[in-house]
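Down below is the structure, laid out as structure tokens.
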2 protein chains.
Amino acid sequence: MDQTARIIQALERAGYQPTPNRRLVARLVAATGGHFTAAELLERGRRERVKIGRATIFRALDLLTSLRVVERLDLPTGAHAYVVCDPDEHHHHLVCSGCGRSEDVADGELAELVAEIAGRSGYRIEAHRLELFGICPSCAGGASGALS
Amino acid sequence: MDQTARIIQALERAGYQPTPNRRLVARLVAATGGHFTAAELLERGRRERVKIGRATIFRALDLLTSLRVVERLDLPTGAHAYVVCDPDEHHHHLVCSGCGRSEDVADGELAELVAEIAGRSGYRIEAHRLELFGICPSCAGGASGALS
DNA sequence: TTTACTGCAAACATTTTGCAGATGT
DNA sequence: ACATCTGCAAAATGTTTGCAGTAAA
């Protein structure tokens, strides 16, 4: 099953209608290998389909965010962007500053580190977010991506 | 030396004038144990001094951000806030959702984890940001903060 | 006297909302 | 029929900018 279908299914499972607009947003979101802003999505949407309103994009994105199918993240520039992601496990994002591609990174050992910080500080830590920014292999190494 | 003085000194060292407005911002920023938004700062500033413009607040905050005396962070709600911090070492922030207090957390073992992620993914990681949100001991435990 | 700083208001960018109409169930 | 969804335009936010005046070097 491809990602577009997964997103649409998530909508249906949550009791939302898989309307043409929402399908479009799902498709656009899935077509992105990386992050995108609401404005970009609107522009791409309008290229495919004449009628889709800004508000609809934002509403669909809110919906998908609440279903954890996409996540909102903050670029180093301060701009807000979204990335598609796996709703089932806690993870973080590694974003390429070159091409915008984004990969999920498992929480892994971070959980231990967070627990340790909790112990040391006395805080009850309820949420944590790790954002990683860098250059992906293919942006770094021309075509091959092999590091010399 | 107190924090207000440290901030003013950082401005002077970088060649900026320690004007009354900037001193005010330094004082307001230092008076905050935690995070604050630009709007809050403006309001507090106006309570002390009738004349200070929104733009001046933003400009001062940008300045302090570029000097790494404050850092801009993104609350889970998506709102932008600022926290005072130590310009000399790489660290992260632990923010109390109750009172807004914020503490610096040393990068510590995170560096290793980041290096490992870099190795595994092939990305050249240029920046990373860890944001922790939780409840501080005094918000959690009533007055004493002792966990039972 | 030359440059840095400031307030103001306007410009801008981004996101949200109210609402009447369209669409899906 | 009924609830959900949609586009639009207006409103609410949040931030930046142009500029003329003020203060500092």
Side-chain angles (χ1 to χ4, degrees), chain A residues 7-29 35-67 69-83, chain B residues 7-8 10-29 35-67 70-83:
Chain A
I7 296 173
I8 293 169
Q9 214 177 50
L11 278 170
E12 289 178 315
R13 240 183 296 138
Y16 298 103
Q17 295 173 16
T19 64
N21 273 336
R22 286 180 181 160
R23 283 169 190 280
L24 171 65
V25 171
R27 206 146 27 77
L28 293 174
V29 160
H35 61 228
F36 51 91
T37 62
E40 275 163 31
L41 218 60
L42 177 62
E43 200 214 333
R44 289 202 281 138
R46 289 210 157 141
R47 231 174 294 163
E48 292 203 27
R49 211 167 177 284
V50 198
K51 303 267 284 187
I52 186 164
R54 220 191 319 284
T56 305
I57 295 282
F58 277 101
R59 288 188 276 231
L61 247 18
D62 281 357
L63 220 52
L64 296 182
T65 302
S66 75
L67 299 175
V69 166
V70 305
E71 197 170 300
R72 187 169 162 172
L73 56 82
D74 301 284
L75 268 21
T77 62
H80 287 150
Y82 298 82
V83 286
Chain B
I7 296 173
I8 294 170
L11 279 171
E12 290 178 314
R13 242 183 294 137
Y16 297 102
Q17 294 174 19
T19 64
N21 273 336
R22 288 182 179 157
R23 283 168 190 280
L24 170 66
V25 171
R27 205 146 29 74
L28 293 174
V29 160
H35 61 226
F36 50 89
T37 62
E40 275 164 32
L41 217 60
L42 177 63
E43 201 215 332
R44 289 203 282 137
R46 289 213 157 138
R47 231 175 295 160
E48 293 203 23
R49 211 165 177 286
V50 199
K51 303 267 283 187
I52 186 164
R54 216 190 322 281
T56 304
I57 296 282
F58 277 101
R59 288 189 275 232
L61 247 20
D62 280 357
L63 220 53
L64 297 181
T65 302
S66 74
L67 300 175
V70 306
E71 196 169 304
R72 188 167 162 173
L73 57 82
D74 301 283
L75 268 21
T77 62
H80 286 150
Y82 296 83
V83 287

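All figures in this text were calculated on a predicted structure; none of them were measured in a lab. Labels below follow one simple rule: chain letters A, B, ... track the order of the sequence lines, proteins then strands, and each chain is numbered from 1.
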Rounded distance [0.5 Å steps], CD1 in Ile7(A) versus CG in Leu11(A): 8.0 Å
Spatial distance of atom NZ (Lys51(A)) from atom CG (Leu24(A)) [nearest 0.5 Å]: 14.5 Å
Most 5' of Ile57(A) and Ala38(B) on DNA chain D, judged by nearest nucleotide: Ile57(A)
Position toward the 5' end of DNA chain D (nearest nucleotide), Arg46(A) or Leu63(A): Leu63(A)
Check the distance between [N]'s [atom2] and [X]'s [atom1] and give it to me in whole angstrom.
X	N	atom1	atom2	result
Leu42(B)	dT13(D)	CG	C1'	14 Å
Leu75(B)	dG14(D)	CG	P	12 Å
Phe58(B)	dA10(C)	CZ	C1'	15 Å

Donor-acceptor contact below 3.5 Å, side chain Arg23(B) vs main chain Pro18(B): yes
Side-chain donor/acceptor of Arg22(A) to backbone N/O of Gln17(A), under 3.5 Å: yes
Answer yes or no: does a side-chain N or O of [X] lie under 4.0 Å from OP1 or OP2 of [N]?
X	N	result
Arg54(A)	dA9(D)	no
His80(A)	dT14(C)	no
Lys51(A)	dC8(D)	yes

Nucleic acid footprint by protein, nucleotides 17-25 of chain D - heavy-atom cut-off 4.0 Å, B for base, S for sugar-phosphate alone: BB-----S-
Salt bridge (Lys or Arg N to Asp or Glu O under 4.0 Å) assessment of Glu43(B) paired with Arg47(B): CA-CA 6 Å; Glu43(B) 201 215 332; Arg47(B) 231 175 295 160; 3.0 Å; yes
Test item: Thr37(B) and His80(B) side chains (from C-beta on) under 4.5 Å apart, heavy atoms: no
